[in-house]
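Hydrogens, waters and symmetry mates play no part in the numbers below; they use all other heavy atoms, side chains included.
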Amino acid sequence: MRTLSTPSPALICPPSSQAFINGKASSTSSSSVTGETVAMVHAPPITCLPRPHVRPAARMQKEQAPIDILPDQAFLQIFSHLPTNQLCRCARVCCRWYNLTWDPRLWRTIRLTGDTVHVDRALRVLTRRLCQDTPNVCLMLETVIVSGCRRLTDRGLHTIAQCCPELRRLEVSGCHNISNEAVFNIVSRCPNLEYLDVSGCYNVTCISLTREASVKLSTLHGKQISIRYLDMTDCFVLEDEGLHTIAAHCTQLTHLYLRRCVRITDEGLRYLVIYCTSVKELSVSDCRFVSDFGLREIAKLESRLRYLSIAHCGRITDVGIRYVAKYCSKLRYLNARGCEGITDHGLEYLAKNCAKLKSLDIGKCPLVSDAGLEFLALNCFTLKRLSLKSCESITGRGLQIVAANCFDLQMMNVQDCDISVEALRFVKRHCKRCVIEHTNPAFF
């Protein structure tokens, strides 16, 4: 049974809200930072406190709200769909809701959003309460999502690392104040962590174990990290040496996104393929130093590779596409937008070797023409998405060939292409489920 000293989950309250502390109303607007959202510990709702006068049971039943008829299981099902801050608000409604909101099944995930949230304090108070039944360890928490919370610092991540050994998923995208040290601490103390999103955290340059953790781990363990999904988009400072360290420690990687990691070169991709042989999805979009030699290394992933994004990698030509097409026969998705060195010959290699391709983006490839689309149409019958945006050499004839052979087409982008209305109507007749993105005002 909870006492008055037991903290409520009502931790995330806007400045204008009223909080009941020890049975008295208190405003949270007295925070030292104007307009911030702060973490607070509240006593149980006032309805939980003993009252000197007990009303007759018949009168209480008559005043009962319709929603109170629902069983506890129904409430738990509803609460399970609420983000953390809304769940905290529900805890302040009445004594019954207060007790239900602390059901362990509702606290497998903590989700905080917004620039005004005092994230470090909220995480500290939440984890302290969740550790009440198992001192210093929060066994039920598996997912923490604090994306976009720019006030998150290393202190908040250290709190998670110390209290949440069962953490499996962490999303901190756009949190600019976290550093390598905090990330190292997380991956060292959370051995089950599989999903890590640090996109936009431009101070993060590497993923590795702390020195203390490396010393403690046995030779049998191999000093490995169990991360399978890693998103380092917009980590501008990441270099080949950092990618080498990541690959050496995260050998189980299957999904890796390095969009706009502009310092990565072909050498970094060589390290990646040596250690991470199970990669299924890889993005190196806008990595301007990646060339055909880098694609030769990526091609060593062979049939395991299903998704590849090389958009705006200006040094890639048909040679690199040929490497990928020859060895990665099970490729399903390719984004080569803005690779101006790709021609119809590259599309021919791709179509003949990757016949099960489902999505292809070759927008802004001026050397691709109707001849390349013909190779695509006669080999990739299961194609569902095709983007040809700003392909100057494409005409209505090429689109008609594609539409006549790829009946499952669901999306086609021909914006900024000189395509006639008749050709667009032909596509619509043959691919009835296809959504056509175009810039022709005469077609609707």
Side-chain angles (χ1 to χ4, degrees), residues 7 9-15 28 31 33 35-41 79-91 101 104 106-131 137-190 192-205 207 225 227-235 255 257:
L11 303 168
I12 305 163
C13 306
T28 62
S31 171
V33 181
E36 74 172 357
T37 301
V38 297
M40 297 189 67
V41 178
F79 289 160
S80 67
H81 296 284
L82 299 179
T84 302
N85 59 335
Q86 296 298 328
L87 184 62
C88 292
R89 291 178 184 272
C90 290
T101 52
L106 298 178
W107 291 97
R108 297 184 186 279
T109 299
I110 290 179
R111 185 190 303 269
L112 302 173
T113 57
D115 291 339
T116 61
V117 177
H118 198 308
V119 188
D120 292 349
R121 195 183 307 176
L123 290 174
R124 184 174 67 251
V125 180
L126 276 171
T127 53
R128 184 170 58 193
R129 174 57 183 84
L130 294 173
C131 292
V137 178
C138 178
L139 297 177
M140 72 282 288
L141 188 60
E142 297 180 351
T143 301
V144 175
I145 301 174
V146 288
S147 299
C149 296
R150 298 186 179 183
R151 300 184 65 182
L152 176 71
T153 68
D154 289 354
R155 289 183 179 181
L157 291 189
H158 286 315
T159 299
I160 296 173
Q162 291 172 1
C163 302
C164 308
E166 297 300 320
L167 190 69
R168 295 181 178 275
R169 179 174 182 140
L170 176 63
E171 296 184 32
V172 292
S173 62
C175 300
H176 306 318
N177 296 321
I178 64 174
S179 66
N180 284 342
E181 180 184 356
V183 176
F184 290 2
N185 198 20
I186 284 282
V187 299
S188 299
R189 289 174 173 265
C190 304
N192 297 322
L193 187 67
E194 296 181 345
Y195 186 111
L196 179 61
D197 183 355
V198 292
S199 57
C201 302
Y202 43 71
N203 291 323
V204 177
T205 62
I207 306 293
I225 300 172
I227 293 177
R228 297 178 182 275
Y229 180 107
L230 178 61
D231 191 344
M232 296 193 70
T233 298
D234 292 324
C235 291
H255 297 69
Y257 304 95

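Between the side chain of N185 and the backbone N or O of L157, no donor-acceptor pair lies under 3.5 Å.
Atom NE2 of H176 sits about 9.5 Å away from atom OG of S173, to the nearest 0.5 Å. Atom CZ of R168 is separated from atom SG of C190 by 11.0 Å, given to the nearest 0.5 angstrom. For the atom pair L87 CG and T109 OG1, the distance stands at 11.0 Å (nearest 0.5 Å). The line from CE of M232 to CG of L196 is 8.0 Å long, rounded to the nearest 0.5 Å. Of the inter-residue distances, the one linking H255 atom NE2 with E194 atom CD reads 12.0 Å to the nearest 0.5 angstrom. To the nearest 0.5 Å, atom CG of residue L152 and atom CG of residue N177 are 8.0 Å apart.
Side-chain contact between D231 and Y195: absent, with no pair of heavy atoms (C-beta onward) separated by less than 4.5 Å. When side chains are defined from C-beta on, W107 counts as touching L126, because their heavy atoms get closer than 4.5 Å. In this structure, I110 and L130 have side chains that are in contact, with non-hydrogen atoms separated by less than 4.5 Å. Proximity of V117 to V146: side-chain heavy atoms (C-beta onward) are nowhere separated by under 4.5 Å. When side chains are defined from C-beta on, S80 counts as touching L106, because their heavy atoms get closer than 4.5 Å.
The side chain to side chain contact (heavy atoms under 4.5 Å, CB included) with S199 is formed by just one residue from the set T233, L230, V172; it is T233.
Judged purely by distance below 3.5 Å, without hydrogens or angles, the side chains of D120 and T159 never pair a donor atom with an acceptor atom.
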Quick one: do I207 and V183 satisfy side-chain contact (heavy atoms from CB on, under 4.5 Å)? Show the steps, please.
CA-CA 7 Å; I207 306 293; V183 176; 3.5 Å; yes
Mind running side-chain contact (heavy atoms from CB on, under 4.5 Å) on L82 and C90 for me, showing each step along the way?
CA-CA 10 Å; L82 299 179; C90 290; 3.6 Å; yes
Check the pair L141, I160 against side-chain contact (heavy atoms from CB on, under 4.5 Å), reporting the backbone distance first and the verdict last.
CA-CA 10 Å; L141 188 60; I160 296 173; 5.8 Å; no
Kindly determine whether C138 and M140 satisfy side-chain contact (heavy atoms from CB on, under 4.5 Å), including the steps that lead there.
CA-CA 6 Å; C138 178; M140 72 282 288; 3.4 Å; yes
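The heavy-atom pair separating P165 from V137 by the smallest distance is CG-CG1, 3.7 Å. What you find for C149 and C175 is that their closest heavy atoms are O-SG, 3.3 Å.
Counting heavy atoms of neighbouring residues, nucleotides and ligands inside a 6.0 Å radius, atom CD of E181 does not exceed 12 of them.
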